[in-house]
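What follows is a single structure, written as structure tokens, with notes after it.
Chain letters run A, B, ... following the sequence lines, proteins first and then strands; every chain starts at 1.
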Protein chains: 2
Amino acid sequence: MLFHFKDKFPQLTPYWDKYREFQKRVEVGAKTVLLEEGKVSGHYIFIEKGCVRMGFNNNGIDKTVQFFFENEGLTSFESFLKNTPSLFTIETIEPSVVYLLPKIHVNNLMAELSHDPGFTNLILEVSAERQLHYMHEFVSFIRDTPEQRYQNLLNTRPHIIQRIPQHYIASYLGISRVHLSRIKSALAKKK
Amino acid sequence: MLFHFKDKFPQLTPYWDKYREFQKRVEVGAKTVLLEEGKVSGHYIFIEKGCVRMGFNNNGIDKTVQFFFENEGLTSFESFLKNTPSLFTIETIEPSVVYLLPKIHVNNLMAELSHDPGFTNLILEVSAERQLHYMHEFVSFIRDTPEQRYQNLLNTRPHIIQRIPQHYIASYLGISRVHLSRIKSALAKKK
DNA sequence: TGGCGACGATAACATATGTTACCGAATGTT
DNA sequence: AACATTCGGTAACATATGTTATCGTCGCCA
């Protein structure tokens, strides 16, 4: 639905701003849970300041699937869409300022604008981008070694490596934190 | 766009049937390339009989990312959407009967129906399902061991294991064909 | 019908990756 | 200042996985 947008889809901003009055601004500390795994997602979240991760607990081991930063929005999509228990926890990494928009208003926004072809096309575009994003992640696991995946991250999204604690990145790459550390030191030697 | 549908989204069929006259029916043998990696996708493909894989060549090693069967449709989505060189090859596995619908008609269909809210909602639903599909694949790589991924496949999509040659499945699971063979024999012992 | 190629199993060995444990630096809290 | 917590590096060892090679079966086709 309305995933990342401010920077990537600035055309969405006017639609979004119509609903600004219903958004609740919250300031929270680091490691604050915004949505707990198993609960039904009731809000769309927009990040003004800070960063957030989406992850889950697998047999006591914490896994991370995605990171979000300033001017990005997110929700636990499947849960939000289908009113099912969320597969993921959403949790701040740094102290953050976020806006919460209750689901009702998102639904209103979608309903109200379903006859606006410009808006509809935008939503389709955003949806296609989300699909491609996850597809690329998936293909990368088939195609690349963990070391290559780390280098891709370094090349295409260095802010993640700069801002995010290493153990979260390791699980995002599908490897142990020890192995990520080894990869980094191997790369350092190569240069 | 219009990905899998006949079985999963039967409501789409009437829309689709309007364009039946523009579809070209083709019968092809096994291992026939329907779209070559690097070329721009110009057709939407619907499978009447047989099965098809989507994959790519990585340093001389063939990788597979998805399988398609009867009553499913596909295209190299990103290439089709953006007129860019396809990242993937589309190739039959078995002798197959497919229908090809040139892109122009797909675009007409989309344009013609953009004011039909029922159709628009269907497309959004299909798009959301595609997003969730790839997300689940991606999450599975972070969460599961190759053995678990094989078992998931066995439990949820056994037809893939029955119909598809093992080396394609191995690359789809992100492992070597030798290792897949080991996994199978380990599972056989457990029982 | 004979040969050839595709397919799957398996063994032996090499390499990649996980696990556990320990250390030290940095930071926040009392 | 003392302390706990988080974080990242590294070593030693265990396990998972890849690579290469060999073999047997099967189906296709010249």
Side-chain angles (χ1 to χ4, degrees), chain A residues 28-33 50-51 53 55 58-64 67 91-96 140-151 153-154 160-191, chain B residues 28-33 50-51 53 55 58-64 67 91-96 140-151 153-154 160-191:
Chain A
V28 295
K31 301 204 183 197
T32 304
V33 171
C51 67
R53 74 186 187 91
N58 192 41
N59 298 120
I61 295 172
D62 197 87
K63 305 278 184 177
T64 296
F67 304 104
E91 176 181 289
T92 57
I93 292 176
E94 303 174 359
S96 304
S140 172
F141 270 103
I142 289 180
R143 183 190 51 213
D144 303 324
T145 64
E147 176 169 335
Q148 288 170 317
R149 291 171 41 65
Y150 175 75
Q151 293 231 52
L153 203 58
L154 199 55
I160 289 185
I161 286 161
Q162 287 153 16
R163 263 175 99 167
I164 306 286
Q166 205 160 297
H167 59 285
Y168 294 138
I169 297 180
S171 89
Y172 171 69
L173 292 175
I175 61 181
S176 68
R177 49 205 204 99
V178 177
H179 192 55
L180 177 52
S181 195
R182 276 194 287 241
I183 286 172
K184 285 179 68 173
S185 83
L187 287 179
K189 275 184 199 164
K190 279 187 188 171
K191 279 196 60 179
Chain B
V28 294
K31 301 202 182 200
T32 305
V33 172
C51 67
R53 75 186 185 92
N58 192 41
N59 298 120
I61 295 173
D62 197 85
K63 305 279 184 176
T64 296
F67 304 104
E91 175 181 290
T92 57
I93 292 176
E94 303 174 358
S96 304
S140 172
F141 270 104
I142 290 180
R143 183 190 52 215
D144 303 324
T145 64
E147 177 169 334
Q148 288 171 318
R149 291 170 41 69
Y150 175 75
Q151 292 231 52
L153 203 57
L154 200 54
I160 289 185
I161 287 162
Q162 288 154 14
R163 262 175 99 167
I164 307 286
Q166 204 160 299
H167 60 283
Y168 293 139
I169 297 179
S171 89
Y172 171 68
L173 292 174
I175 61 180
S176 68
R177 50 205 204 97
V178 177
H179 192 54
L180 177 52
S181 194
R182 276 194 288 242
I183 286 172
K184 285 179 69 174
S185 83
L187 287 179
K189 274 183 199 165
K190 279 187 187 171
K191 279 195 62 178

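Here the C1' atom of nucleotide C:dA12 and the NE2 atom of B:H179 are 17 Å apart, to the nearest Å. Rounded to an integer number of Å, the gap from B:I183 CD1 to C:dG8 P is 15 Å. Nucleotide C:dC7 holds its P atom 11 Å from the CD1 atom of B:I164, rounded to whole Å. Atom OH in A:Y150 sits roughly 12 Å away from atom C1' in D:dG8 (whole-Å rounding). Atoms CD (A:E147) and P (D:dG18) sit 16 Å apart, rounded to a whole Å. Atom pair A:I161:CD1 and D:dC7:P shows a separation of 17 Å (rounding to whole Å applied). The nearest whole Å value for the distance from the CG atom in B:L187 to the C1' atom in C:dT10 is 17 Å.
Listed nucleotides: D:dT6, C:dC7, C:dT19. Nearest to the side chain of A:V178: C:dT19.
Minimum heavy-atom separation, A:N58 to B:R143: ND2-O, 3.3 Å.
No hydrogens or angles were tested; on distance alone, a donor-acceptor pair under 3.5 Å links the side chain of B:R182 to the base of D:dG18.
Both A:S176 and B:S181 lie close to DNA chain C; mapped to their nearest nucleotides by heavy-atom distance, the more 5′-ward contact belongs to B:S181. When the nearest nucleotides of DNA chain D are assigned to A:Y168 and B:R177 by heavy-atom distance, the more 5′-ward of the two goes with A:Y168.
Phosphate proximity of C:dA6 to B:Q166: absent, as no side-chain N or O sits under 4.0 Å from OP1 or OP2. Put simply, B:K184 has no side-chain N or O that comes within less than 4.0 Å of OP1 or OP2 on C:dG8. The side chain of B:H167 contributes an N or O atom lying less than 4.0 Å from OP1 or OP2 of C:dC7.
Put simply, CG on B:L153 and OH on B:Y172 are 6.0 Å apart, with the number rounded to the nearest 0.5 Å.
B:G174 comes within contact range of the sugar-phosphate backbone alone, with a heavy-atom separation under 4.0 Å but no base atom that close.
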